[in-house]
Amino acid sequence: MNAMFATKISMLQHVCVVPLARATRHRSFTVSASASTTVTPSRNLTVSSPTSSARAPHVDPRVLLGMSEHDLQQLAVEFGLQSYRGKQLHHLIYKRKEKEIQDFSHSGWKIGRSPIYHTVTAADGTVKLLLKLEDNRLIETVGIPVEDEKGSMRLTACVSSQVGCPLRCSFCATGKGGYSRNLQRHEIIEQVLAIEDIFKHRVTNVVFMGMGEPMLNLKSVLDAHQCLNKDVQIGQRMITISTVGVPNTIKKLASHKLQSTLAVSLHAPNQKLREMIVPSAKSYPLDAIMKDCRDYFAETSRRVSFEYALLAGVNDSVEQARELAELLHEWGHGYHVNLIPFNPIEGSEYRRPNKKTVSAFAGALESRKITVSIRQTRGLDASAACGQLRNNFQKSPLIIESDREESQSDVAVAC
C-alpha cells in the first residue's frame, strides 16, 4: 500500500510540477470564490514592528491547505490536468498530512505547514507547541489528551486565531505579549494537524480558546471551521468558538447557524467588575452581550456556554455567584457556566482560588438551577495559561540568519 502511494506521489509530482510552473509564469488562477484573493503573499520573512497592527491577508493564494476537494480538483483542471489529480492532492494534504511535496514549491505553491519551534510536555500529558510562522512570529497551540474509563482517548486541540491579542484582558498572558496580526485560514488549520502529528492520534475536539479573539478574525475562523469540519472531518458539535465579546459579531455568527458551541467569556456578574477585568467591556455593555446571547439561542437553538475565570478575592464569592445566577435567569434559560480556576502567570496580581472557594461558587450556582462545570486545570507545569509559553520566547519577531548577516554587514560598513 505504501509503495502504491509513493508511486501516486511520484506521478503527481511529475504530472503537476511542469504544467504548474508554466501556468504560474504566464497567468494567475481563481480557484473558487472562497479561495481566491488578489493579495500577493510577501516573500520577505522580516516584519516592520512588533507593535504593528497590520492584518494578514485572509487567504494566501498560493497555499493549498484550507482548499476543499472541489477547490483542488478545479485547480488541477486550471492546470490542464484531470480533476482526479485534485482528489489525490486532497488525500495527501488531509489524510497523509504531508508537509510538502518534493519540487512542488518550484511552481510557487506550498502546502502551508509551519515548523514546530518549541514543545513542552506536562506531567499530565498536555503538550504545548510553538509554531514558527513564515514571518517568524510564534503562535501557541495546545493538545489536551483525556482518556475515558473504556480507554478511548479524546484529544482536544486548543487553537489560536491571532498572533497575540489586542483586547488585553487583565488576567491573560496573551494580552501582555501584545498583538501583531490575524492568522490566515491555513495558519489556524495547521495547528490541528500539528497536534495530530505529535500525538499520532486523531484530534476529536477543537476549541478556539488559544491566543487572540476569534471574533476579530471571523472570516478566517469560519473558513478554518469549514475546513476542519468538511476536510479534516471533525464534527461541528465537537468545535467550540470562544469570545470575550465583540459588538455585532455574535449576530453574524448566528446567521451561519453552526452546530458548534459558542462560549462567551463573561468573568463577572455585573458591568462595573467586568470592565475592570475585561477593558473591552466598556464598548460592549453586559446587557447588550446578554441580549445577543439570547438572540443567538433563539436563532440557532444552540445553548450558549459562559466561561468564568475565578480570580481569588475578585469575582469568586458566593454573593457574586448568586448575582451571576440572577443575571442568567433574567436573560433566558438553558445556559451553562464553565468555571475556570485562574492559571497563575508571572507578574500577575491575580491569584488562584482554593478548592473550597471554587466548590462553594459552583454550589451556589447549582442551587439556583444553573448548569455548571469546573474545568480541570491541565498543563500547569507547561506554561499552559494562554500566551504564557509564547511570551517566554517572543514578544517581537525572531531574528533569522539572513537578518543577522545583514545586521553584521551594516556594522562592518559603519566601522
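Numbering starts at 1 and runs along the sequence shown.
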Novice: Work out which heavy atom in A362 is nearest to a heavy atom in I374; give both atom names and the distance.
Specialist: CB-CD1, 4.1 Å

Novice: I need the T261 OG1 to I239 CD1 distance, nearest 0.5 Å.
Specialist: 10.0 Å

Novice: Would you say S367's side chain and A364's backbone share a donor-acceptor pair under 3.5 angstrom?
Specialist: yes

Novice: Can R303 and T371 be said to form a side chain to side chain contact (heavy atoms under 4.5 Å, CB included), step by step?
Specialist: CA-CA 11 Å; R303 181 181 71 174; T371 304; 4.2 Å; yes

Novice: May I ask you to test the Q259-R302 pair for a side-chain heavy-atom distance under 4.5 Å?
Specialist: yes

Novice: What distance do E78 atom CD and Q73 atom CD have between them, rounded to the nearest 0.5 Å?
Specialist: 13.0 Å

Novice: Does some side-chain heavy atom of L253 sit less than 4.5 Å from a side-chain heavy atom of Y296?
Specialist: yes

Novice: What pairs with K291 under side-chain hydrogen bond (donor to acceptor under 3.5 Å, both in side chains), at least two apart in sequence or on another chain?
Specialist: D295

Novice: Could you tell me whether the side chain of L131 reaches within less than 4.5 Å of the side chain of Y117, counting heavy atoms only?
Specialist: no

Novice: Name all residues meeting the side-chain hydrogen bond (donor to acceptor under 3.5 Å, both in side chains) criterion together with S161; count only those two or more places apart in sequence or in a different chain, and write none if there are none.
Specialist: none

Novice: Show me the donor-acceptor pairs, under 3.5 Å and distance only, between side chains in residues 331-342 and residues at least two apart or in other chains.
Specialist:
| from | atom 1 | to | atom 2 | distance (Å) |
| --- | --- | --- | --- | --- |
| Y335 | OH | W331 | O | 3.0 |
| H336 | ND1 | S305 | OG | 3.2 |
| H336 | NE2 | S373 | OG | 3.0 |
| N338 | OD1 | S373 | OG | 3.2 |
| N338 | ND2 | E307 | OE1 | 3.4 |

Novice: Where the side chain of Q74 meets the backbone of H70, is there a donor-acceptor pair that is under 3.5 Å apart?
Specialist: no

Novice: If you look at every heavy atom in G86 and A76, which pair is closest and at what distance?
Specialist: N-CB, 3.8 Å

Novice: If I compare all heavy atoms of N136 with all of K132, which pair ends up nearest, and what's the gap?
Specialist: OD1-CE, 2.8 Å

Novice: How close do S83 and V77 get, heavy atom to heavy atom, and via which atoms?
Specialist: CB-CG2, 4.0 Å

Novice: What residues form a side-chain hydrogen bond (donor to acceptor under 3.5 Å, both in side chains) with D292, not counting sequence neighbours?
Specialist: Y284

Novice: Is the shortest side-chain heavy-atom distance between L310 and R375 below 4.5 Å?
Specialist: no

Novice: Establish, from distance only, whether the side-chain atoms of S180 and R137 form a donor-acceptor pair under 3.5 Å.
Specialist: yes

Novice: To the nearest 0.5 angstrom, please state how far the CG atom of L228 sits from the CE atom of M238.
Specialist: 14.0 Å

Novice: Could you give all pairs that pass the salt bridge (charged side-chain N to carboxylate O under 4.0 Å, His left out) test and reach residues 225-237, with sequence neighbours left out?
Specialist: none

Novice: Is R351 atom CZ crowded by more than 12 heavy atoms from other residues, nucleotides or ligands, each under 6.0 Å away?
Specialist: no

Novice: Could you tell me the separation between the CG atom of L258 and the CD1 atom of I241, rounded to the nearest 0.5 Å?
Specialist: 5.5 Å

Novice: Could you walk me through whether T119 and V127 pass side chain to side chain contact (heavy atoms under 4.5 Å, CB included), step by step?
Specialist: CA-CA 7 Å; T119 304; V127 177; 3.6 Å; yes

Novice: Please name all residues satisfying ring pair (Phe, Tyr, Trp, His ring centres under 6.0 Å) with Y308, sequence neighbours left out, ordered by chain then number.
Specialist: F361

Novice: Closer than 3.5 angstrom, by distance alone: can the side chain of E140 be matched with the main-chain N or O of G210 as a donor-acceptor pair?
Specialist: no

Novice: Is any side-chain heavy atom of H186 closer than 4.5 Å to a side-chain heavy atom of I111?
Specialist: no

Novice: Counting only N and O atoms by type, is there a donor-acceptor contact under 3.5 Å from the side chain of N217 to the main-chain atoms of P214?
Specialist: no

Novice: Under a 3.5 Å cutoff, is there a donor and acceptor pairing between the side chains of D223 and S220?
Specialist: no

Novice: Could you go through residues 266-280 and list every donor-acceptor pair under 3.5 Å that involves a side-chain atom there, pairing it with any protein atom two or more places apart or in another chain?
Specialist:
| from | atom 1 | to | atom 2 | distance (Å) |
| --- | --- | --- | --- | --- |
| H267 | ND1 | A309 | N | 2.9 |
| N270 | OD1 | K272 | N | 3.4 |
| N270 | OD1 | L273 | N | 2.8 |
| N270 | ND2 | E323 | OE1 | 3.4 |
| N270 | ND2 | E323 | OE2 | 3.2 |
| Q271 | OE1 | L286 | N | 2.7 |
| Q271 | NE2 | E275 | OE2 | 2.8 |
| Q271 | NE2 | A281 | O | 3.1 |
| R274 | NE | L266 | O | 2.9 |
| R274 | NH2 | V244 | O | 2.7 |
| R274 | NH2 | S265 | O | 2.8 |

Novice: Can you list the residues that meet the side-chain hydrogen bond (donor to acceptor under 3.5 Å, both in side chains) rule with K257, with sequence neighbours excluded?
Specialist: E299

Novice: Going through the distances and angles, do T156 and R154 end up as a side chain to side chain contact (heavy atoms under 4.5 Å, CB included)?
Specialist: CA-CA 6 Å; T156 298; R154 183 176 78 249; 4.1 Å; yes

Novice: Can you tell me which residue pairs pass the side-chain hydrogen bond (donor to acceptor under 3.5 Å, both in side chains) test with a partner in residues 241-256, sequence neighbours excluded?
Specialist: E213-T243

Novice: List the residues meeting ring pair (Phe, Tyr, Trp, His ring centres under 6.0 Å) with Y94, not counting sequence neighbours, and say none if there are none.
Specialist: H90

Novice: Run T240 and M209 through side chain to side chain contact (heavy atoms under 4.5 Å, CB included) and show every step you take.
Specialist: CA-CA 8 Å; T240 297; M209 295 182 181; 3.7 Å; yes

Novice: Would you say the side chain of V221 lies within less than 4.5 Å of the side chain of L183, judging by non-hydrogen atoms?
Specialist: no

Novice: Distance check, rounded to the nearest 0.5 Å: S260 atom OG versus N229 atom CG?
Specialist: 7.0 Å

Novice: Do N182 and Q162 have side-chain N/O donor and acceptor atoms under 3.5 Å apart?
Specialist: yes

Novice: Are side-chain heavy atoms of L129 and I139 found at a separation under 4.5 Å?
Specialist: no

Novice: Between D60 and R185, is a salt bridge (Lys or Arg N to Asp or Glu O under 4.0 Å) present by the stated rule, with each step listed?
Specialist: CA-CA 8 Å; D60 187 326; R185 174 180 66 183; over 6 Å; no

Novice: Would you mind reporting whether T141 and M211 have side-chain heavy atoms less than 4.5 Å apart?
Specialist: no

Novice: Which pairs count as salt bridge (charged side-chain N to carboxylate O under 4.0 Å, His left out) when at least one residue sits in residues 357-367, sequence neighbours excluded?
Specialist: none

Novice: Donor-acceptor pairs under 3.5 Å, side chain of residues 189-201 to any protein atom, not counting sequence neighbours: which ones?
Specialist:
| from | atom 1 | to | atom 2 | distance (Å) |
| --- | --- | --- | --- | --- |
| E190 | OE1 | S114 | N | 2.5 |
| E190 | OE1 | S114 | OG | 3.2 |
| E190 | OE2 | S114 | OG | 2.8 |
| Q191 | OE1 | S160 | N | 2.8 |
| Q191 | NE2 | S160 | O | 2.9 |
| Q191 | NE2 | E187 | O | 3.1 |
| E196 | OE1 | K97 | NZ | 3.2 |
| E196 | OE2 | V203 | N | 2.9 |
| D197 | OD2 | K99 | NZ | 3.0 |
| D197 | OD2 | R113 | NH2 | 2.6 |
| K200 | NZ | D197 | O | 3.2 |

Novice: CG of L133 to CD of Q184: how many Å apart, nearest 0.5 Å?
Specialist: 9.0 Å

